[in-house]
Amino acid sequence: MRIHPLTGLAAAGSAAVITTAAASLPLSVAVSAAALALSVAAGTARRMLPAAAAVLLPLGLSLLIVHGLSFPEGLTVLAQWGPVRVTAEGLSFALERAAQVSAVVLILLACSFSLSVPDLVAALSARGIRGRFGFVLASTLTLLPAIAARAERIRQAQESRGLVIRRGILHRAAAFRLQAVPLVLSLVEDAGTRAAALEARGFSSTGPRTSYRIVPDSPGQRFLRLVLVLAGVAAVAVRLWHYAGGS
Amino acid sequence: MSSPSLTLPSPAPAAVRRRRLLEILGALAIAATYVYLVLNQPADITGGPGSAAALVALSGFLAGAVLLIVAVLPTLPASTVVLIPVALVLNIVLGQFVGSTLVPFYLDAIGTVLIAVLAGPAAGAATGALSSIVWSFFNPTVLPFAAGAALIGCLAGLAARYGLFRRFYLAPVAGFATGIIGGVVSAPVAAFVFGGTSGVATGAIVSAFRSMGDTLLAAITKQALISDLMDKAIVFTVVAVLVYALPRRASRQFPFVRRHRVLAGKAAAPEATRPDATDATVQGPGQAS
């Protein structure tokens, strides 16, 4: 049986919420490992890992700089140069935070990279707010490569007209303007044409719609989604209740 | 353009009231979360992973952003809805590039501010929030900043509505003001959810303030004030350059631009006072927060 895209999203979302609520290092590491295993099993690891690294490496480095080099609350000083104090508490705080954020990022990326976008849009495209959100999501994901390609073509065209990017901030700004203005202008023009075409096909209509793509769903999955959402809410509630009771 | 349709029924007053209520609730959720976080400064922030504070920040800001989207998205005309994906792509492409380099800026709001100037504060707020949600499919760490992004879109729209884009030198000033408010609202998210910043250069600034003995929230707020001020001033200037470079035919196709005379130049176009252009006047979250 195929997994409904909303079930996948609910599973990833509630795993992320529960990991944040639990805030325990072993759970964070376990969730990260599970996310990696899932993405290897789904065959998306090759695309997901670079995306995860692009997010997590700067974040981890930043956490290390912020807490590793200066943690005024820390008592166990490991090394000190002038104002820089490396403390054990700072390093362990940075490690815990990095593990927690990594778990959330990895599980959400594992979900979004194995999701079939057409299925998700078909599942969302009831009318009204869900349809509009589905349109924005699908349209962005399909426009990304197209717009990147168009930006590249514009750069080539301007270069063939003699655009040379010299050093210095003013030259760079002028070069940016030469490439950005045609890009934005053509995008705004296109959007106007697309709006007229969509409106002519009843984009804003609130009547019933027919979808040619049917995403299989089952009562079991619907129930599972409900359970997952409730589990996430319960984790938040338990954690906040403990917090309020403890302080 | 495609504002009120001639063939489709217009929404009932009850639906309009319900959307206005959702908008107010969304703005209240964002404002209340911020006030709670700043007043209580949850004590467990450095005593251990401050997950209760992280949960309050996450759920409050996200719920507010989602309420705003639910309230605003159905009211936007098709011409604006079609521009939103374009704005998201501009945000993502430019933000992804700058975010990973060693500059303490983000430049991830050019598309949002562009929409806000062309289509108004409500469209700007929805674009900001949607941008964070869609971008989180590639980079989940931007999801908690949805409320801040919505606020920036709304403020940019208000700046355009009250004529700050009519004089070229006023655009960076409006950017400064937006940057102050946006930075102050986003700082608790960075502090409580991530315990730091997502870039190396911004992290170095926070570390410098921390080694002077600031609390984490104070250090990140100061860093946000430095980075966001410059960042939004640059973004507003870039958007002003772009909007004025567009031919009049392209920019005047937006009812918001015509009605509020957003751009300088000979106004008195006959449609400037046309009463039937009714979209995008819904006010976003800026007034409450």
Side-chain angles (χ1 to χ4, degrees), chain A residues 20-23 51 54-55 58-59 61-63 65-67 69-73 83-85 93 96-97 100-101 104-105 108-109 112 128-129 132-133 135-137 139-140 143-144 147-148 177 180-181 184-185 187-189 191-192 194-196 198-199 203-206 236 239-240 243 247, chain B residues 1-2 5 8 43-44 46-49 51-52 54-56 58-59 69-70 73-74 77-79 81-86 88-90 92-93 99-100 114 130 134 136-141 194-200 202-204 206-207 210-213 238 241-242 245-247 250 253:
Chain A
T20 311
V55 176
L59 186 88
L61 214 56
S62 162
L63 281 175
I65 293 176
V66 170
H67 301 295
L69 299 186
S70 56
F71 198 74
E73 293 84 356
V84 175
R85 283 165 81 240
F93 182 74
E96 282 188 24
R97 266 309 158 83
Q100 201 178 320
V101 175
V104 171
V105 167
L108 290 179
L109 279 183
S112 72
I129 174 83
R132 289 194 159 202
F133 178 72
F135 168 77
V136 169
L137 179 68
S139 184
T140 307
L143 275 177
L144 248 178
I147 291 183
R177 184 176 180 276
V181 168
V184 172
L185 172 58
L187 292 177
V188 170
E189 282 282 344
R194 220 174 305 135
L198 281 170
E199 201 54 57
F203 183 70
S204 313
S205 156
T206 47
V236 174
R239 173 70 206 188
L240 289 183
Y243 173 71
S247 60
Chain B
M1 290 291 297
S2 50
S5 171
L8 298 171
D44 62 354
T46 44
S51 77
L55 288 174
V56 171
L58 268 178
S59 37
I69 293 179
V70 172
L73 198 55
S79 58
V81 175
V82 172
L83 259 189
I84 289 179
V86 171
L88 301 200
V89 172
L90 288 177
I92 293 172
V93 169
S100 51
L114 184 70
L130 277 171
V134 173
S136 70
F137 275 73
F138 315 95
N139 180 355
T141 55
F194 299 114
T197 58
S198 54
V200 176
T202 44
V206 174
S207 179
R210 284 281 279 163
S211 61
M212 296 173 206
V238 168
V241 169
L242 287 175
L246 290 178
Q253 70 175 324

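Chain A is the first sequence line, chain B the second, and so forth, proteins listed ahead of strands; every chain is numbered from 1. Basis for what follows: all heavy atoms, side chains included, without hydrogens, waters or symmetry-related copies.
- Contact of L144(A) with chain B is made through backbone and side chain together, with heavy-atom distances under 4.5 Å.
- Heavy atoms closer than 4.5 Å to chain B are found in both the backbone and the side chain of V105(A).
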Applying side chain to side chain contact (heavy atoms under 4.5 Å, CB included) to L137(A) and F137(B), what does each step give before you reach the verdict? CA-CA 10 Å; L137(A) 179 68; F137(B) 275 73; 4.0 Å; yes

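- The two residues S79(B) and A195(A) make their nearest non-hydrogen contact at CA-CB, 3.6 Å.
- Contact count versus chain B (heavy atoms, under 4.5 Å) is highest, among V136(A), V104(A), L198(A), L108(A), for V136(A).
- Closest of all the heavy-atom pairs between L185(A) and P247(B) is CD1-CD, 3.3 Å.
- The side-chain heavy atoms of V55(A) and F138(B), taken from C-beta on, include no pair separated by under 4.5 Å.
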For F135(A) and V82(B), what are the C-alpha separation, side-chain angles and deciding distance, and is it a side chain to side chain contact (heavy atoms under 4.5 Å, CB included)? CA-CA 9 Å; F135(A) 168 77; V82(B) 172; 4.3 Å; yes

Yes or no on side chain to side chain contact (heavy atoms under 4.5 Å, CB included) for F203(A) and V81(B), after CA distance, side-chain angles and deciding distance? CA-CA 10 Å; F203(A) 183 70; V81(B) 175; 3.8 Å; yes

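- For the residue pair S62(A) and G203(B), the shortest heavy atom distance occurs at OG-CA, 3.6 Å.
- The greatest number of non-hydrogen atom pairs below 4.5 Å with chain A, out of L58(B), L242(B), L114(B), V241(B), is found for L242(B).
- With a 4.5 Å cut-off on non-hydrogen atoms, L130(B) touches chain A through its side chain but not through its backbone.
- Note that CD1 of I147(A) and CG of L90(B) are 6.0 Å apart. Values are rounded to the nearest 0.5 Å.
- Between chain A and the options P85(B), S59(B), A250(B), the largest number of non-hydrogen pairs under 4.5 Å is found for P85(B).
- Of the two parts of V86(B), the backbone and the side chain both hold a non-hydrogen atom closer than 4.5 Å to a non-hydrogen atom of chain A.
- Across all their heavy atoms, G192(A) and Q253(B) have their closest contact at CA-OE1, 4.3 Å.
- Under a 3.5 Å cut-off, the side chain of S207(B) and the backbone N or O of I65(A) do form a donor-acceptor pair.
- Across all non-hydrogen atoms, the minimal contact from R132(A) to P74(B) is NH1-O, 3.6 Å.
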